[in-house]
Structures are given as structure tokens and as C-alpha cells.
Amino acid sequence: MKKNIFFLLLLLFSFGLKAKTFLFLGDSLTEGYGVSKEDAYPSLVEKMIKEKLKKEVKIINGGVSGSTTSDGLARLNWYLKRKPNVFLLALGANDGLRGLKLEQTKKNLQAMITKAKKNGIKVLLAGMLMPPNYGTEYTKKFENMYKDLKRKNNLKSMSFLLEGIAGKKEFNQRDGIHPNEKGHQVIAKKVFAFIKGEI
């Protein structure tokens, strides 16, 4: 009888320690364009969690270079099969850079948020900004799109994934757009601080 109780307690304890799975769904910024997979911020965040918090987690890098919100919505069903617990949505930059209609971009982002929530997944939002050369009206509407989504869905969000990195030569590759290894280290620190309460 005592042995059965011991194994039951062990089973419950093990279940409680089950590692959470985080899905980072994004574009080249998340994929780690121009750097090794190990140097991209999702991998760095996973290492930080294990080293600093001493917890096991599984992070899925769902970043694909050139991905738009439409692409992300199409890919989401496949990632949901892996049953993530937390979903960091980091898409929209390519929509803006291509001048796609913000109404559709917002609709796609909302659809991903709704689908994840219906599957019992905690959604976190990473905001994006457009360069000033896209005009004041467009850049403001783009920024407000994320604020509206945050408010409507009561989401925890980062105001800008590349805050402190965008426009700084030392943190970017030669193209001036994609973060280098140092840039990904900065992003990882910010993302780690942002998500650690969900671990």
C-alpha cells in the first residue's frame, strides 16, 4: 500500500514538473537570419531559462525568413500539433515593409490570437515598428495596430521587439536590418525578462 502511494506521489510530482513548451512564431528576426541557429534569440532564451531559473523548457523556433502574417496564420495549425503552452507572436514587420493593407494584417494577427486562445494557449505579443521613411500616418497606424490588439485581447506585450537595437550599427548586420550575434543577445535578455513570469 505504501509503495502504491509512493509511486502515485512520484507520478503527480513528475506531472507538476512537466516542461512548458513555448512557441516563438515570427519572421527572419526570430529565425536568426545571418547567424547560427544557436545564436538566434530563441535558443539564447532557452539557455538563459535553464541556466538562470534552473528549469526545463522547450522552445520552438517558428521563425521563417520573409514570413508575413498570412504565412504565419497558415503555419500555425502545424505548430499547434506540438501543443505549446505559451505563444509569442512576433509577426507583422514584413507586411509593413511590403506595404500590405493594415486591415488584413490586423485581421491575420487577430485570427492567430483567437486560434491560440481557443486551444488554451497563453498568448504574448511582440510589437513591431516601421522606419520613419514610410511616413508619419502609416507608421503611426502600424504602431497603433499592436496597441489595439493588446487592448482588445488583454495581452501582455513588448512594445517593440528591436527596441535598443534598430538603427544601431554595432547590433546589426551589414544590411542594417537584421540583428547580428550581439543584437540577438540583447533581444534574448529582453525576451527572457518578458516571459520568465510564464515559466
request  = Please examine the side chains of Leu102 and Tyr138, heavy atoms only from C-beta on, and report whether any two atoms are closer than 4.5 Å.
outcome  = yes
inquiry  = Per the side-chain hydrogen bond (donor to acceptor under 3.5 Å, both in side chains) rule, what does the pair list look like for residues 162-174, sequence neighbours excluded?
reply    = Ser159-Glu163
task = Run the numbers on Leu25 and Leu88 for side-chain contact (heavy atoms from CB on, under 4.5 Å), then give the verdict.
result = CA-CA 6 Å; Leu25 187 62; Leu88 177 65; over 6 Å; no
task = For Asn154, check side chain to side chain donor-acceptor pair (under 3.5 Å) against everything at least two apart and list the hits.
result = none
ask   = Do Met130 and Met158 belong together in a cluster built from hydrophobic side chains that touch within less than 4.5 Å?
value = yes
task = Compare every heavy atom of Phe160 with every heavy atom of Ala166, then report the nearest pair and how far apart it is.
result = CB-CE2, 3.9 Å
request  = Return yes if some donor-acceptor pair links the side-chain N/O of Arg75 with the main-chain N/O of Gly62 below 3.5 Å, else return no.
outcome  = yes
ask   = Is there side-chain contact between Ile49 and Lys196, with heavy atoms separated by less than 4.5 Å?
value = no
task = Scan side-chain atoms only and decide if Gln110 and Thr114 contain a donor-acceptor pair under the 3.5 Å cut-off.
result = yes
task = Please name the pair of heavy atoms, one in Leu91 and one in Gly26, separated by the smallest distance, quoted to 0.1 Å.
result = CD2-C, 3.5 Å
task = Please answer: with hydrophobic residues joined when any side-chain heavy atoms are less than 4.5 Å apart, are Val191 and Leu44 in the same cluster?
result = no
ask   = Taking the side chain as C-beta and beyond, is there a heavy-atom pair between Leu53 and Phe192 under 4.5 Å?
value = yes
ask   = Any donor and acceptor pair, going by atom type alone, linking the side chain of Asn144 with main-chain N or O of Lys147 inside 3.5 Å?
value = no
query = So which heavy atom on Leu161 is nearest to which on Ala90, and how close?
reply = CD2-CB, 4.3 Å
query = For Leu155, does its backbone N or O pair with a side-chain atom of Asn153 as donor and acceptor, under 3.5 Å?
reply = no
Cluster overlap Leu124 with Met128, hydrophobic side-chain contacts below 4.5 Å = yes
key: Residues Lys50, Glu56; criterion side-chain contact (heavy atoms from CB on, under 4.5 Å); working and verdict   = CA-CA 6 Å; Lys50 291 178 180 179; Glu56 285 297 317; 3.6 Å; yes
ask   = Is there a donor-acceptor pair under 3.5 Å between the side chain of Asp71 and the backbone N or O of Thr68?
value = yes
ask   = What about Val64 and Leu97, same hydrophobic cluster or not, with Ile/Leu/Val/Met/Phe/Trp/Tyr joined at side-chain heavy-atom distances under 4.5 Å?
value = no
inquiry  = Distance check, rounded to the nearest 0.5 Å: Leu149 atom CG versus Met112 atom CE?
reply    = 9.5 Å
ask   = Just by distance, do the side chain of Lys20 and the backbone of Glu198 share a donor-acceptor pair under 3.5 Å?
value = yes
message = Minimum heavy-atom separation for Ile59 and Pro42, please, with both atom names.
response = CD1-O, 3.8 Å
query = Would you say Asp175's side chain and His178's backbone share a donor-acceptor pair under 3.5 angstrom?
reply = yes
ask   = Is any side-chain heavy atom of Tyr146 closer than 4.5 Å to a side-chain heavy atom of Leu89?
value = no
task = Answer yes or no: is there a side-chain heavy-atom contact under 4.5 Å between Arg82 and Leu23?
result = no
ask   = Is atom OH of Tyr33 surrounded by more than 12 heavy atoms (other residues, nucleotides or ligands) closer than 6.0 Å?
value = no
task = Could you walk me through whether Lys107 and Glu103 pass salt bridge (charged side-chain N to carboxylate O under 4.0 Å, His left out), step by step?
result = CA-CA 6 Å; Lys107 184 178 179 181; Glu103 292 81 3; over 6 Å; no
ask   = Considering residues, nucleotides and ligands other than Lys117, do more than 12 of their heavy atoms fall under 6.0 Å from its NZ?
value = yes
message = Does either side chain, that of Asp95 or that of Thr69, offer a donor lying less than 3.5 Å from an acceptor on the other one?
response = yes
message = Treating Glu143 as the side-chain partner and Leu129 as the backbone partner, does any N or O pair qualify as donor plus acceptor under 3.5 Å?
response = no
Residue pair Gln104 / Asn108, side-chain heavy-atom distance below 4.5 Å = yes
key: Charged tip of Lys156 within 45° of Phe194 ring normal and under 6.0 Å   = yes
message = Run Asn119 and Phe87 through side-chain contact (heavy atoms from CB on, under 4.5 Å) and show every step you take.
response = CA-CA 11 Å; Asn119 281 271; Phe87 170 35; over 6 Å; no
key: Lys54 (side chain) donor-acceptor with Glu51 (main chain) under 3.5 angstrom   = yes
task = Quick one: do Glu31 and Asp27 satisfy side-chain contact (heavy atoms from CB on, under 4.5 Å)? Show the steps, please.
result = CA-CA 6 Å; Glu31 181 187 39; Asp27 46 37; over 6 Å; no
ask   = Taking a hydrophobic cluster as the set of Ile, Leu, Val, Met, Phe, Trp and Tyr residues connected by side-chain heavy atoms closer than 4.5 Å, whether directly or through intermediates, do Met145 and Leu73 fall within one such cluster?
value = yes
inquiry  = On a heavy-atom basis, which atom in Pro179 and which in Leu162 lie closest, and how many Å separate them?
reply    = CG-CD2, 3.9 Å
query = Between Thr30 and Tyr41, do the side chains contain an N or O donor and an N or O acceptor separated by less than 3.5 Å?
reply = yes
query = For Asp39, does its backbone N or O pair with a side-chain atom of Ser43 as donor and acceptor, under 3.5 Å?
reply = no
task = Answer yes or no: is there a donor N or O on one side and an acceptor on the other, between the side chain of Asn85 and the main chain of Thr21, under 3.5 Å?
result = yes
